[in-house]
Amino acid sequence: MDLRGRTVLSVDRLRFLLMLFYTMAGIMGEQEVENLSGLSTNPEKDIFVVRENGTTCLMAEFAAKFIVPYNVWASNSVDLLTEQADISLTRGAEVKGRCGHNESELQVFWVDRAYALKMLFVKESHNMSKGPEAMWRLSKVQFVYDSSEKTHFKDAVDAGKHTANSHHLSALVTPAGKSYECQAQQTISLASSDSQKTITMILSAVHIQPFDIISDFVFSEEHKCPVDEREQLEETLPLILGLILGFVIVVTLVIYHIHHKMTANQVQIPRDRSQYKHMG
């Protein structure tokens, strides 16, 4: 009996030590989150950083606004009218996040958790003409809002917490190892649990990298969105055309000057034969 008791005690002690080890390992591998929005010169833009084991694993800079339709009673207390709440992500928001090899997540809460934004990123491989190529994208957005919050909602019908989700989302598609940058506005539609209303999420001044960050607090090479590239081309195109036109004008003037100089130095042969006796 003593031997069995010692064996059971040893097994229990081993289990306790294993539980302690995994708990400590979880604490040591804990992910930290930081809201660095105060460093942004844009008062509408927020900066969030997720760090794992003291190293940055996710960085996100963006401005976000949500256009939320909701119902209110008309003055006759019979008909329903639709109002609109414009909800912007504010500074000082609470942030959570996690990093993984192929899946990362960012969660943001503000106004006493009346509003919550969750963004899920995935990294996957695609078969391209040049062979397999790894890409990452924003695969899901979830927005939770409380229509009983009085700052943005006025006497909403069925006031309370509602959840809006994206559907088959594939946004911010970027080659692996790069960050995504886009100054232009981008819209994402979300289906709300409140009478299936459509909520519009507007992102702008975006710079995000959820995977493969090499340097701490530093984005990798930017992958610009097509809208920014087109706007940049539209800005530089007049300059390029001006330079080309100036070059053509200079070349034309040079050719004209050379041609004029050559023709001026040529001896003019008289067409009238009577003038030949005056030559020589």
Side-chain angles (χ1 to χ4, degrees), residues 33 35 37-38 40 42-48 50 58 60-98 104-122 137-173 180 182-208 210 225 227:
V33 291
N35 185 337
S37 302
S40 174
N42 184 348
E44 297 181 351
K45 186 170 71 172
D46 291 271
I47 304 175
F48 305 111
V50 181
L58 185 154
E61 299 181 11
F62 59 89
K65 183 171 73 172
F66 300 86
I67 300 176
V68 183
Y70 66 99
N71 292 331
V72 297
W73 289 113
S75 56
N76 59 12
S77 301
V78 176
D79 298 323
L80 287 175
L81 302 176
T82 301
E83 296 288 346
Q84 178 178 292
D86 294 344
I87 304 167
S88 295
L89 177 59
T90 58
R91 288 193 171 185
E94 179 187 351
V95 57
K96 291 184 178 181
R98 62 180 179 86
S104 295
E105 184 179 276
L106 180 68
Q107 297 184 59
V108 186
F109 310 88
W110 66 103
V111 191
D112 297 324
R113 289 197 167 224
Y115 308 107
L117 169 65
K118 180 189 291 185
M119 304 172 75
L120 182 67
F121 305 92
V122 297
R137 62 185 173 92
L138 175 62
S139 63
K140 183 178 180 180
V141 170
Q142 183 182 80
F143 177 57
V144 179
Y145 62 98
D146 188 352
S147 58
S148 65
E149 195 271 319
K150 300 300 183 183
T151 305
H152 298 91
F153 296 91
K154 308 297 182 184
D155 302 320
V157 176
D158 298 328
K161 285 283 184 81
H162 301 283
T163 302
N165 289 295
S166 59
H167 184 65
H168 298 306
L169 181 63
S170 181
L172 318 186
V173 179
Y180 177 88
C182 191
Q183 296 301 314
Q185 286 190 350
Q186 302 169 88
T187 59
I188 297 175
S189 297
L190 309 174
S192 174
S193 59
D194 181 16
S195 304
Q196 294 301 308
K197 287 182 169 56
T198 299
I199 293 174
T200 302
M201 176 185 180
I202 302 175
L203 287 173
S204 60
V206 176
H207 200 176
I208 294 178
C225 62
V227 178

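Sequence positions, counted from 1, serve as the residue numbers for this chain. Computed from a prediction, not measured in an experiment: that's the story for all the values here. Basis for what follows: all heavy atoms, side chains included, without hydrogens, waters or symmetry-related copies.
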Test side-chain hydrogen bond (donor to acceptor under 3.5 Å, both in side chains) applied to Asp146 and Ser148, step by step: CA-CA 5 Å; Asp146 188 352; Ser148 65; 2.5 Å; yes
Leu120 vs Leu138, side-chain contact (heavy atoms from CB on, under 4.5 Å): CA-CA, chis, key distance, verdict: CA-CA 6 Å; Leu120 182 67; Leu138 175 62; 5.7 Å; no
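A donor-acceptor pair is defined here as one N or O able to donate and one able to accept, closer than 3.5 Å; such a pair exists between the side chain of Ser192 and the backbone of Asp194. Judged purely by atom type and a 3.5 angstrom limit, Arg137 uses its side chain to pair as donor or acceptor with the backbone of Leu169. Panel note: side chain Thr163, backbone Ser193; no donor-acceptor pair is recorded below 3.5 Å. Listed for the Ser104 side chain is no donor-acceptor partner under 3.5 Å among the backbone atoms of Phe121. Not one N or O on the side chain of Asp112 forms a donor-acceptor pair closer than 3.5 Å with the backbone of Ala114.
Residues meeting the ring pair (Phe, Tyr, Trp, His ring centres under 6.0 Å) test with Phe143, sequence neighbours left out: Phe66, Tyr145. Thr82 pairs by the side chain to side chain contact (heavy atoms under 4.5 Å, CB included) definition with Pro69, Asn71, not counting sequence neighbours. Residues satisfying the side chain to side chain contact (heavy atoms under 4.5 Å, CB included) criterion with Lys45, sequence neighbours excluded, are Ser40, Asn42, Glu61, Ala205.
Between Tyr115 and Phe109, the distance from one ring center to the other does not fall under 6.0 angstrom.
Counting heavy atoms from C-beta on, the side chains of Lys65 and Leu89 never come closer than 4.5 Å. Within the 4.5 Å cutoff, the side chain of Val206 has heavy atoms near those of the Tyr180 side chain. For the pair Asn165/Val141, no side-chain contact is recorded, criterion being any heavy-atom separation below 4.5 Å from C-beta on. Residues Thr198 and Leu190 form no side-chain contact, since every pair of their non-hydrogen atoms from C-beta on lies 4.5 Å or further apart. For the pair Trp110/Ile87, a side-chain contact is recorded, criterion being any heavy-atom separation below 4.5 Å from C-beta on. Looking only at side-chain heavy atoms (C-beta outward), Lys161 and Val144 come within less than 4.5 Å of each other. Residues Glu105 and Lys118 have side chains in contact (heavy-atom distance under 4.5 Å, counting atoms from C-beta outward). Counting heavy atoms from C-beta outward, Gln186 and Leu172 have side chains that approach closer than 4.5 Å.
A distance of 8.5 Å separates CD in Gln142 from CD in Gln107, rounded to the nearest 0.5 Å. Expressed to the nearest 0.5 Å, how far CZ of Phe48 lies from NZ of Lys96 amounts to 14.0 Å. Here the CG atom belonging to Leu203 is positioned 11.5 Å from the SG atom belonging to Cys225, to the nearest 0.5 angstrom. For the atom pair OG (Ser195) and CG (Asp158), the distance works out to 6.5 Å, reported to the nearest 0.5 Å.
For the residue pair Ser37/Asn35, the side-chain donor-acceptor check at 3.5 Å is satisfied.
Heavy atoms from other residues, nucleotides or ligands lying under 6.0 Å from CG of Asp86 number more than 12. Within 6.0 Å of CD on Glu44 lie no more than 12 heavy atoms contributed by other residues, nucleotides or ligands. Within a 6.0 Å sphere centred on NZ of Lys197, heavy atoms belonging to other residues, nucleotides or ligands number more than 12.
The two atoms that bring Asp46 and Thr90 nearest to each other are OD1-O, 3.3 Å, heavy atoms only. Residues Lys154 and Tyr70 come closest through the heavy atom pair N-OH, 3.2 Å. The minimum heavy-atom distance linking Val72 with Ala156 is given by the pair CG1-CA, 4.3 Å. What you find for Ile67 and Ile202 is that their closest heavy atoms are CD1-CD1, 3.7 Å. Residues Ile208 and Met119 approach most closely at CD1-CE, 4.4 Å, considering heavy atoms. Among all heavy-atom pairs drawn from Ser147 and Ala159, the shortest one is OG-CA, 3.2 Å.
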